[in-house]
Amino acid sequence: MKKVNIETSFTVFENIQELPQDVQILMEKAITVRKNAYAPYSKFRVGAALMLDNNQIVVGSNQENAAYPSGLCAERVTIFQAGSIYPEAKILKLAISAASDVNLTKSPIPPCGACRQSISEYEFKQNTPIEIYFMGEEGSIYKSDSIKNLLPLTFDKNFL
Ligand code: THU
């Protein structure tokens, strides 16, 4: 028997101004589109913006449904939209901003497990890492250099 340790790492930025210029723009777009979330049930709004290697930016927000599981997270709305419009483009960077209508979220809010799995599918598809930046309504921003930091033991097509 042996114990296996997996290391994961993140970069922490104190505020939006500390981000590289192009990521600041991306995060501002995530914040803006977050306000378009359709979140009457959870009152929790998430916005996402991604940059492609063809310089296009694609945005999305969470869309809920009275039949709860029929709704979709902002990250998947966004990456599926990008895959639909630009199937050949690679995703370089993804910025995520989350805020509750009822509480002030000051800590970085990471993508949920299902979104991590979906992001990971695109990293495999394009064979290059996706930078992921996530934050709450205010406060610091976490950066992951790849989905692998957020989902280390990934289920992928090689297992099929
Ligand atoms: N949500 C996202 O959009 N992204 C996540 O990664 C976590 C959760 C949404 C789904 C639902 O509309 C609301 O936040 C509360 O879970």
Side-chain angles (χ1 to χ4, degrees), residues 6 8-13 15-16 19 22-52 56-86 89-126 128-157:
I6 298 174
T8 185
S9 73
F10 297 89
T11 308
V12 181
F13 296 86
N15 50 50
I16 294 183
L19 291 168
D22 60 335
V23 181
Q24 271 185 43
I25 292 167
L26 211 55
M27 189 57 87
E28 294 292 356
K29 287 189 183 292
I31 291 167
T32 301
V33 75
R34 187 187 81 207
K35 291 163 190 158
N36 296 343
Y38 176 58
Y41 306 107
S42 72
K43 315 254 185 258
F44 192 78
R45 298 172 187 274
V46 185
L50 60 79
M51 190 186 297
L52 297 168
Q56 295 295 319
I57 289 178
V58 177
V59 299
S61 58
N62 55 322
Q63 300 294 315
E64 296 186 350
N65 193 285
Y68 288 10
S70 302
L72 199 62
C73 293
E75 296 87 330
R76 278 176 287 163
V77 167
T78 308
I79 59 176
F80 294 164
Q81 164 99 325
S84 303
I85 305 175
Y86 306 108
K90 292 185 177 192
I91 303 170
L92 303 178
K93 300 165 196 220
L94 171 66
I96 305 159
S97 160
S100 164
D101 288 346
V102 288
N103 308 308
L104 179 64
T105 51
K106 293 185 178 180
S107 53
I109 314 259
C112 77
C115 288
R116 295 179 199 201
Q117 182 66 32
S118 297
I119 296 165
S120 142
E121 181 73 24
Y122 285 77
E123 268 203 10
F124 267 93
K125 177 185 169 220
Q126 66 186 42
T128 52
I130 300 172
E131 290 178 16
I132 303 161
Y133 299 79
F134 52 93
M135 67 179 298
E137 188 169 356
E138 57 180 52
S140 61
I141 298 118
Y142 275 19
K143 174 197 177 191
S144 171
D145 292 332
S146 155
I147 191 63
K148 291 191 177 76
N149 291 312
L150 287 160
L151 192 64
L153 288 178
T154 317
F155 180 83
D156 64 67
K157 64 181 172 123

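Just so you know, ligand 1 is whichever comes first in the structure, and atom 1 is the first atom listed for that ligand. Bear in mind the structure is a predicted one, so any value in this text is a computation, not a measurement.
Between Phe134 and Phe10, the ring-plane angle classifies as perpendicular under the 30° and 60° cut-offs.
By the side-chain contact (heavy atoms from CB on, under 4.5 Å) test, Ile85 is found to be paired with Gln81, residues two or more places apart in sequence or in another chain being considered. Evaluation of the ring-ring contact (aromatic ring centres under 6.0 Å, His included) rule for Tyr38 yields no partner, not counting sequence neighbours. Qualifying side-chain contact (heavy atoms from CB on, under 4.5 Å) partners for Ser42, counting only residues two or more places apart in sequence or in other chains: Ala39, Phe44, Glu64.
Taking the side chain as every heavy atom from C-beta outward, Arg45 and Lys35 never approach each other to under 4.5 Å.
Partner of Leu19 under the side-chain contact (heavy atoms from CB on, under 4.5 Å) criterion, chosen from Ile141, Ile25, Leu26: Ile141.
Within 4.0 Å of ligand 1, protein heavy atoms come from Ser42, Phe44, Val46, Asn62, Glu64, Cys73, Ala74, Glu75, Pro111, Cys112.
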